[in-house]
Amino acid sequence: MRLVGPSGEQVGIVPLAKALELAQEYDLDLVEVAANARPPVCKLMDYGKFKYESAMKAREARKNQAHTVIKEMKLRPKIDPHDYDTKKGHVVRFLKQGDKVKITIMFRGREQSRPELGYRLLQRLAEDVADLGFVESNPKQDGRNMIMVLGPHKKKTEAMAEARQAQEARKAEAKANPGRSMNAADPDAANAEAPAEASAEA
């Protein structure tokens with residue numbers, strides 16, 4: 001067999017007994033890396049460590065892999081302004097995460113005779129989030145529904161990288177200021193809790 005040393009150096013063609021003797025001497029495993037080669041190629045290595053490093057590399061590759069996800073948001077033609085803002089907030093979040101968003105306008109009863117209401121609502125939403133996404137699929141009628149697809153300007157991988165950086169920055173800040181309370185670190189969180197406490201007292 002052709003033997004490769006632990007650092008990748010070529011030992012040469014050696015008999016199996018000699019290769020096993022060297023493996024014992026180095027306290028390493030003798031691993032066949034190219035069975036179809038003539039002669040077969042074997043390497044001296046720590047097989048447990050090799051398997052662990054391979055698993056870690058595969059895990060890192062999966063973590064950096066971007067899967068295209070299509071989120072869905074459903075609206076009614078005569079949606080309340082507050083509900084519209086809430087739904088728009090979800091669409092903004094999805095686009096920031098690098099996901100596509102399928103917007104569905106659901107028509108009921110007589111609303112089906114007024115498709116322009118749904119069309120105008122979709123156009124308004126597309127304009128409101130134009131800085132984050134673009135119209136990938138124009139509004140089209142599908143039975144009782146009207147559908148439009150928004151695509152993000154940002155690629156999924158970019159959004160994931162930014163999210164990781166933001167998370168690392170938050171961790172670093174928390175480590176640098178361990179004495180600060182959550183409310184002191186985040187004034188918005190403190191303000192958000194205040195009305196809940198007031199209503200509980202009422």
Side-chain angles (χ1 to χ4, degrees), residues 59-174 177 180-202:
R59 185 179 169 190
E60 192 64 28
R62 280 197 303 273
K63 194 166 80 173
N64 293 329
Q65 204 171 26
H67 297 287
T68 303
V69 178
I70 298 181
K71 305 285 189 178
E72 184 167 17
M73 189 57 55
K74 294 183 176 180
L75 293 82
R76 295 291 312 284
K78 295 174 182 175
I79 190 168
D80 177 79
H82 176 72
D83 289 342
Y84 173 80
D85 289 338
T86 303
K87 302 267 187 180
K88 185 179 77 174
H90 292 314
V91 173
V92 165
R93 190 175 81 248
F94 296 146
L95 291 172
K96 278 184 177 176
Q97 289 170 353
D99 295 320
K100 293 183 181 183
V101 189
K102 178 183 173 185
I103 315 292
T104 304
I105 305 287
M106 301 179 297
F107 296 98
R108 287 184 190 164
R110 294 179 186 176
E111 291 173 351
Q112 292 178 66
S113 63
R114 302 284 307 279
E116 69 277 4
L117 293 176
Y119 184 82
R120 280 204 296 267
L121 184 59
L122 290 174
Q123 290 295 102
R124 175 186 166 196
L125 182 60
E127 286 167 15
D128 287 347
V129 298
D131 55 332
L132 296 169
F134 61 95
V135 177
E136 190 173 282
S137 175
N138 287 315
K140 65 180 178 208
Q141 194 81 25
D142 181 18
R144 293 185 176 187
N145 300 330
M146 185 175 281
I147 295 164
M148 175 179 77
V149 177
L150 294 173
H153 289 312
K154 221 179 267 180
K155 287 183 181 174
K156 183 76 173 175
T157 47
E158 291 172 16
M160 286 167 68
E162 282 182 17
R164 274 200 296 274
Q165 284 172 0
Q167 190 177 13
E168 283 164 15
R170 282 196 298 273
K171 281 182 185 173
E173 191 179 339
N177 305 298
R180 292 176 70 187
S181 68
M182 187 187 79
N183 289 349
D186 187 359
D188 291 338
N191 293 337
E193 286 178 11
E197 287 172 10
S199 61
E201 286 172 11

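Below, all heavy atoms of this structure are taken into account, side chains as well, without hydrogens, waters or symmetry copies. Quantities reported herein were computed from a predicted structural model and do not represent experimental measurements.
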Drop me the distance from Arg114's CZ to Lys78's NZ, to the nearest 0.5 angstrom. 7.0 Å
Working for side-chain contact (heavy atoms from CB on, under 4.5 Å), residues Ile103 and Val149: CA-CA 6 Å; Ile103 315 292; Val149 177; over 6 Å; no
Could you please spell out the steps behind the side-chain contact (heavy atoms from CB on, under 4.5 Å) verdict for Arg144 and Met106? CA-CA 6 Å; Arg144 293 185 176 187; Met106 301 179 297; over 6 Å; no
Electrostatic pair Arg170-Glu168, nearest N-O below 4.0 angstrom: no
Quick one: pull up CD1 in Ile105 and CG in Asn145 and give me the separation to the nearest 0.5 Å. 9.0 Å
Is the backbone N or O of Lys74 less than 3.5 Å from a side-chain atom of Lys87, with the two atoms forming a donor-acceptor pair by type? yes
Between Met73 and Thr104, does a side-chain contact (heavy atoms from CB on, under 4.5 Å) hold up when you go through it step by step? CA-CA 6 Å; Met73 189 57 55; Thr104 304; over 6 Å; no
Atom CZ of Phe94 and atom NZ of Lys96: how far apart are they, to the nearest 0.5 Å? 13.0 Å
Exercise: identify the closest heavy-atom pair between Ser113 and Arg110: OG-O, 2.7 Å
Side chains of Asp85 and Asp83, heavy atoms from C-beta outward: is any pair under 4.5 Å? no
Which residues share a ring pair (Phe, Tyr, Trp, His ring centres under 6.0 Å) with Tyr84, sequence neighbours left out: none
Does Glu127 use its side chain to pair, donor to acceptor, with the backbone of Arg124 at less than 3.5 Å? no
Please give me the minimum heavy-atom distance between Phe134 and Pro152, naming the atom from each residue. CE2-O, 3.5 Å
Does any N or O in the side chain of Gln141 come within less than 3.5 Å of the main-chain N or O of Gly143, such that one atom is a donor and the other an acceptor? yes
Are Pro139 and Gln123 close enough that some pair of their side-chain heavy atoms sits under 4.5 Å apart? yes
Arg93 side, atom CZ; Asp99 side, atom CG - distance, nearest 0.5 Å: 10.0 Å
Any side-chain heavy atom of Lys100 sitting closer than 4.5 Å to one from Glu136? yes
d(Ile79 CD1, Thr86 OG1) to nearest 0.5 Å is 8.0 Å
For Leu95, is there any backbone N or O sitting under 3.5 Å from a side-chain donor or acceptor partner on His153? no
Rounded to the nearest 0.5 Å, what separates atom CG in Leu122 from atom CE in Met148? 4.5 Å
